[in-house]
Amino acid sequence: LTLAVVLPERNLTYPWAWPRVGPAVRLAAAAVNARPDLLPGFTLRWVFGSSEDRHGVCSEMAAPLTAVDLRLAHHPAAFLGPGCVYTAAPVARFTSHWRLPLVTAGAEAHGFDDKREEFGLTTRAGPSHRKLGELGVHLHRRFNWTRRALLVYWDEKVDDRPYFFAAEGLYVQLPTLRNLTVMDVVFRDSGNFSFIIQEIKQKGR
């Protein structure tokens, strides 16, 4: 019984990088194989493929190609990873088509909540930005913030855009409060901060 692992191979800026997760995978496989009553007649093994590009960052091109290669070569029963949003999405679409489960500690974006079709077999073991949005809704109700919400966040359109997807959870959930206006202001590198301050003054009132 084979588990296909698709994670960043060396980049430790990702919490789900293989040097961090690999020891846990090895220990888990050994623990399962030490208990013949868990998977009678099977031995659990794992195969690894990297989701990084040549620069060491999560790649929406490398990850699905790696997943396809592992599928064709090893016929896994399940996938572990990827974690990054832009790599997890295409791999999850493939695993859903193959009718194979995918477990990830990442994929926090709001879109992965849709279990009707393409992400129906994706299980997230970590936090999701929808939960952050639900917390925002709870705080607004608790303190009776009923008119306007202004989201200010940093967004560089490179790598996995963590702040964009965190803000998305709030942006999608807050409008469930009746008559609440939700606005956003985006920071970017070398931005015009005077303009941003004016935007905050105008949109925050």
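Atom CZ of F79 sits about 10.0 Å away from atom OG1 of T66, to the nearest 0.5 Å. One distance of note links NE2 of H138 with CD of E134; it measures 11.5 Å at 0.5 Å rounding. We find the CZ-CG distance between F94 and L70 to be 12.5 Å, quoted to the nearest 0.5 Å. Here CG of L139 is found 4.5 Å from CG of L135. Values are rounded to the nearest 0.5 Å. Rounding to the nearest 0.5 angstrom, the gap separating the NZ atom in K131 from the CG atom in D113 is 9.0 Å. Between the OG1 atom in T123 and the CG atom in L121 there is a gap of 8.0 Å [rounded to 0.5 Å].
Under the 4.5 Å side-chain heavy-atom criterion for Ile, Leu, Val, Met, Phe, Trp and Tyr, L7 and V68 are members of distinct hydrophobic clusters.
Of all the heavy atoms in V91 and T87, the pair that sits closest is CG2-O, 3.3 Å. Contact record, S51 with V6: CB-CG1, 4.0 Å, taken as the closest heavy-atom pair. Between L180 and T146, the shortest heavy-atom distance links the atoms CD1-C, 3.7 Å. Contact record, A77 with L1: CB-CD1, 3.6 Å, taken as the closest heavy-atom pair. In terms of heavy atoms, P19 sits closest to P8 at CD-O, 4.2 Å.
Remark: T104 engages L102, A107, T122, R124 in a side-chain contact (heavy atoms from CB on, under 4.5 Å) (not counting sequence neighbours). Under the salt bridge (charged side-chain N to carboxylate O under 4.0 Å, His left out) criterion, R116 pairs with D114, not counting sequence neighbours.
Side-chain contact between E168 and H129 is absent, with no heavy atoms from C-beta onward closer than 4.5 Å. Side chains of F112 and R130 form no contact here, defined as non-hydrogen atoms less than 4.5 Å apart.
At a cut-off of 3.5 Å, with distance as the only test, a side-chain donor of Q173 or H110 sits close to an acceptor on the other residue.
Atom NZ of K115 has more than 12 neighbouring heavy atoms from other residues, nucleotides or ligands inside a 6.0 Å radius.
Under the 30°/60° scheme for interplanar angles, the aromatic rings of H140 and W145 are found to stand perpendicular.
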